[in-house]
Every structure is written in structure tokens, then in C-alpha cells.
Protein chains: 2
Amino acid sequence: MILYPEAILKLISSFSTLPGIGRKTAERLALHLLHAPEHEAAALAADIIELKTSVRICTICFALSDQEKCRICADPSRNHGVICVVENPTDMAAIEKSKAFSGSYHVLGGALSPIDGIGPDDIRLAELFGRADPDRIKEIIIATRTNVEGEATASYIQDRLKNRHITLTRIASGVPMGGDLQYVDRLTMQKAMEKRYGF
Amino acid sequence: MILYPEAILKLISSFSTLPGIGRKTAERLALHLLHAPEHEAAALAADIIELKTSVRICTICFALSDQEKCRICADPSRNHGVICVVENPTDMAAIEKSKAFSGSYHVLGGALSPIDGIGPDDIRLAELFGRADPDRIKEIIIATRTNVEGEATASYIQDRLKNRHITLTRIASGVPMGGDLQYVDRLTMQKAMEKRYGF
């Protein structure tokens, strides 16, 4: 059984290591690149290399950055008196996409998870507590995920910072906007009822 | 809205140009590579470059190859008296995967399609007719697809080679093995009935 030349098989294998890319998809991608213009394939290869060399982590908020200070931390138009705490850069991107927040961030790099052996020293909690200076920070919004680990992390932060005279808030949970109520899971619906508010 | 550093955004754009890769998937792939070991990302980039430089086309059968002659055409254990005609390398790979064929191939590089302006001179039909020497070739199996273009191409080849004293065959169509009959489409079922055979 001789399917393809070595170079194609190698690229199929490499693509297959990526998350969510199975053998079939990897084959399709490799054959697409084979027929794509030279510059398109070259650009993809160059972008992969550049990614690994140019991306670093902001020394203040630990977001992905191309400078020592990320573009949000360096932006004087953002409100640096408010910190939104997220687990990782994907969650941060989701909040930025919503355009609902104009403060700064703190990227923990995970959540507390005793089962996986992730304790307070394994994520950037000390750095958050170091930034939580009441003279400069008015509010910390805890936007960790709403699963067990995220809730535990939120509780831990709340407990450690409750005496510092900084307003601590948690992002709201509830039914999604524009969604059909019949598809909302039980826990979310309970939360939505519990956190209901007056008009 | 500042989502990611420039290098990540560029790689997301590059991944998005690939077929079947949307913005979300591209974002997931880029962030995966960012956290993947250096050598894994480097290997992927190198494989993409190598693909474009090392893959060529077999001068005999027009399959993808890394030599002047592909590994099947160069293999003395294959039966070079039988040619299986396919539309493209993906179809050839599907037949090789089945391990049901041990002859050689002829890759047309498409199928006749007057609507798309693809005539006999636009695919490698002349090269197939050139190879169809009755002294050396005993059988030509036409394995073009079973859609309109593939059937038209099969008819055209059959018509052009019918007087050459070479056995011309067409791959069988019918219900898939192990499949539930209720999901078989009407045309396939008609073909399965029409081509039924005795025990």
C-alpha cells in the first residue's frame, strides 16, 4: 500500500498531532497545500516559526504579548484601576471580543484543581495579590470559569482579598441572551433564578 | 479590542485560509502551537516547506511522487499489465488503502465537464491512450467517480479504446458493505439491483 510520497506523509503526520485534526482532515490539508500557491504555503510555515520566536508574556498581567508590556497594560486609555482575573488568554480574548470591558487583566494561567495537583503556587495568584494595592486598584472582577475549578479559584481569591478594601465582584451567570430556555441546563437555570433582579 | 499579539493573529489568518478551517479552529490551532514544544512547531513548518519542494509528478502515471518514476511504477512486484484509471491522487489513495488492487494507475487530473470547460485535452487522456498498447496492457479498469462527470469520462475512454483489444472494465457500484439498506440512496439502489449477480 503506497499512498503518497514521503513528504506528504510527513506533513499529514504533523498536522495530525494538532488538536481536533484527524487523519482525514490532515490529508485534506496537506493536499490543499500541495496545490496552493508557493507563497501561501511559505507564509504559513513562516508564521508558525514567528509565533514561537516573537510571542512572550506581559510582565504585568501575564497576557500574551509581543513586548515586555502587553498592549492593554501599555494603553493609557484603559482603566488600570480595574483588574479582570481570567484563567487563560482564550478567556481574555472572549471578554475583549464582547467589548464590554475597558480595564486591565490578570491571566492566572489555570485554575485551582487539587485532583490535578494544581495548588495556589502553581498559578499566578501571588502576582495577583501583589498587584492588589487598594491605593491603585478599585475593583477586581473575578472572571474564572463557572466549573468546579473556576468557582474554587474565585472563592480562594475572594477569601484572600476580602480585607483589602478593594471591591471584589464575580461575572454573572444565567441564561444566554437570545437563547431558547428549553436548551438551558438545570444548573444554569438555577443560577439564573437565584440571581434574578428587579426592574 | 486587543485580542492577541500580531504573530498569533497572522498565524490565525494563515490557518483560516485552509479548507474547512474556520476562525475558531484556526485560533485553537495557533494557541496549541504556541504552547507546544519548540521542535513540534518547527517540524510542522519544515514539513510544509519540504512538501512544496520535494513533491513532483510521476512521468508515467502522473501520481504524486518524490522520484521521476513513482514507487508503484518502479515496483516490479506490481502488475504493470493492468492500469486503473482514477481522477486524482485522493481516489488513488482510497483504492490503495483497500489493498484490493495490485496493478498500476493512471491519474487523469480531473474528469470531463463541458459546463466547467474541461474537455479531453484538459485532462491526461492523450497520455492514457498513449499507454494503452495491447502488447503490454491486458486490462484497463476505469475507476472515475460515479457522478455525471466521472461517468462521462468513463464512456469517453470506453469509446476511444473499444477497438484496441484491451479488456475495459468499470468498478462496480452498489450498496455499501455492512451498511443498513434504509440509508442507501435511490440511484445507488437502482444500480445495485441492475448489477445483481447469481450465487
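What's counted below: heavy atoms across the whole structure, side chains too, no hydrogens, waters or symmetry copies. We name chains A, B, ... by the order of the sequence lines, and we start the count at 1 in each one. All values derive from a computational prediction rather than experimental measurement.
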Worked check of side chain to side chain contact (heavy atoms under 4.5 Å, CB included) between A:Asp75 and A:Ile72: CA-CA 5 Å; A:Asp75 183 351; A:Ile72 289 174; 5.5 Å; no
Same apolar cluster (I L V M F W Y, side chains within < 4.5 Å links), A:Leu128/A:Ile95: no
Closest heavy-atom pair and its distance - B:Thr144, B:Ile171: O-CD1, 4.3 Å
Which portion of B:Leu31 sits near chain A, non-hydrogen atoms under 4.5 angstrom: side chain
Distance (rounded to the nearest 0.5 Å) between B:Ile60 CD1 and B:Tyr105 OH: 15.5 Å
For B:Glu50 against A:Lys10, the heavy-atom pair lying closest together: OE1-NZ, 2.9 Å
Closest non-hydrogen atom pair, B:Asp66 against A:Pro5: OD2-CB, 3.6 Å
B:Ser13 portion near chain A, given a 4.5 angstrom heavy-atom threshold: neither
Top of A:Thr53, A:Ile49, A:Leu34 for chain B proximity - count of heavy-atom pairs under 4.5 angstrom: A:Leu34
Residue part contacting chain A, namely of B:Ser54, when any heavy atom lies under 4.5 Å: side chain
Most chain B-contacting option - heavy-atom pairs closer than 4.5 Å, from A:Asn88, A:Thr25, A:Leu29: A:Leu29
Heavy-atom proximity to chain B below 4.5 Å, by part of A:Thr90: both
Part of A:Ala46 within contact of chain B (heavy atom distance under 4.5 Å): neither
Under-4.0 Å salt bridge between B:Glu27 and A:Lys97: yes
Per-residue contact mode, B:Ala63 against chain A (heavy atom under 4.5 angstrom): neither
Top of A:His32, A:Lys52, A:Gln67 for chain B proximity - count of heavy-atom pairs under 4.5 angstrom: A:Lys52
Most contacts with chain B, counted as non-hydrogen pairs under 4.5 angstrom, among A:Ala42, A:Ser65, A:Ala94: A:Ser65
Whether A:Arg28 side chain and B:Pro19 backbone form a donor-acceptor pair below 3.5 Å: yes
Contact origin within B:Phe15 toward chain A - heavy atom pairs under 4.5 Å: both
